[in-house]
Q: 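After the structure tokens below, expect a handful of questions from me.
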Amino acid sequence: MALRIGIVGCGRITGNHARALQNIPGVEIVGCADADLDRARVFAQQHGIMHAVSSVEELFALGLDACTVCTPHPVHEQIVLAAADAGIHVLCEKPIAVDVAAADRMIDAADRAGITFGVLFQRRFWPAAQRIRAAIDDGRLGAPVLGEVSVLLHRPSSYYSADAWRGRWDTDGGGVLMTQAVHQIDMLAWFMGDPVRVFGTIGTRFHGDHIETEDTASAVVTFASGGTATITATTGVDHNLGNRVTVIGRTGAVASVHEFPEGREGINEIWTVPGELELDSPLDPRIDANLDVGDVNAGLIDFHTLQVQDFADAVRTGRNPAVTGRDARTSLAVIEAIYRSARTGGPVDLEPAPTLQER
Ligand SMILES: NC(=O)c1ccc[n+]([C@@H]2O[C@H](COP(=O)([O-])OP(=O)(O)OC[C@H]3O[C@@H](n4cnc5c(N)ncnc54)[C@H](O)[C@@H]3O)[C@@H](O)[C@H]2O)c1
């Protein structure tokens, strides 16, 4: 029997979900929903989807096994809670939510309903990222003791003005950390383990005349292992230099994954595992790197497909998906702590995720 899947939110990223779902055998897209019904109808027509509706209630009434969530971040919680309530498995776009308390309610609801709950962090599926994870596990890199996240992106003011929800604390929940760097913070924590302490600062230095959330951030993160990492993030650079995550393992080997231009598969720019020396920068001034966000998203379709495929398999077999709600909570907890640290001026200790018994 085909898995019957619905899509909630028919905006910019949703094309990746439709293309991914249509690439996977044994999956049927039953319908799509958007609060703006015209948008849902246009999307359904573009992708050959039978039903277009304006609410999750109507979508769920079509009889679904699972849904994917592509609404703005602050709306993720209500859709995931509704899915859990209806016993529908759910794969939600990143960030899981805009505050950790909401993420905990979502994880709790999914646990109690016994549904599969995954969160989209498709960059983990890049071969270059998987190679680092494997070199940590097999000891060639060893446990990372130092890490570095660098997110040096270009966003024109039109990016923020095109969608009214962007760049406002109440409707976006944050800026460059919440929307862009969350991917690299997720990857950093996937490599380095549980973060325990954060010290950070944020600013609005480039886009202040049209957004209120941060467009620059700097932070230091300490992990339970004793390892530390820095985060530098902005959407204000004139020429987009992409995203890089670097880790230095206990063996002294350095490995990095560099995404340039943005949205293209990251490569191992630095790889100094003994006997395997590779230095291979993707930076090239001849490349037009200030891409439109639609082009950035389009470059990620193959990796959305891999993660959606993993999710469908997790639903069928009952195993955990590659990125669970609990995994996705970690990057949000770091970001929330950077915001708090920026407000208080001091370091912030992170609370471990509550277990089911504690809730
Ligand atoms: N994984 C990635 O690489 C990636 C890339 C881009 C966006 N995203 C994530 O996807 C989400 C959506 O981003 P986007 O750029 O597509 O936004 P968007 O503004 O283009 O689309 C959001 C859509 O959700 C609809 N919507 C809002 N509230 C709704 C509700 N209650 N019910 C149904 N529909 C509702 C809006 O009408 C809109 O059509 C965000 O959380 C973003 O972080 C992820």
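Counting starts at 1 for both ligands and their atoms, in listed order. Owing to the predicted nature of the structure, the values given are computational and were not obtained by experimental measurement. Counting from 1, the numbers follow the sequence of the chain as shown.
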Q: List the residues meeting side chain to side chain contact (heavy atoms under 4.5 Å, CB included) with N290, not counting sequence neighbours, and say none if there are none.
A: H154, N240, D288
Q: Can you give me the closest heavy-atom contact between E214 and M178, atom names plus distance?
A: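 Heavy atoms of E214 and M178 come nearest at OE2-N, 4.0 Å.
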Q: L306: what forms a side chain to side chain contact (heavy atoms under 4.5 Å, CB included) with it, not counting sequence neighbours?
A: F125, F303
Q: Suppose the criterion is salt bridge (charged side-chain N to carboxylate O under 4.0 Å, His left out): which pairs have a residue in residues 307-325, not counting sequence neighbours?
A: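 Output for this query lists D310-R319, D313-R319.
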Q: Mind checking what residues have non-hydrogen atoms under 4.0 angstrom from ligand 1?
A: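 Residues V8, G9, C10, G11, R12, I13, D34, A35, R39, C70, T71, P72, H73, V75, H76, Q78, E93, K94, P95, Q122, R123, D163, W165, R166, H183, N297, L300, H304 each place a heavy atom under 4.0 Å from ligand 1, listed by chain and number.
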Q: Please work out which of the three classes, parallel, tilted or perpendicular, describes the rings of Y160 and H210, given edges at 30° and 60°.
A: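 Ring orientation of H210 relative to Y160: tilted.
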Q: So, for V119 and Q307, which heavy atoms are closest and what is the spacing to 0.1 Å?
A: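 Minimum heavy-atom separation between V119 and Q307: O-NE2, 2.7 Å.
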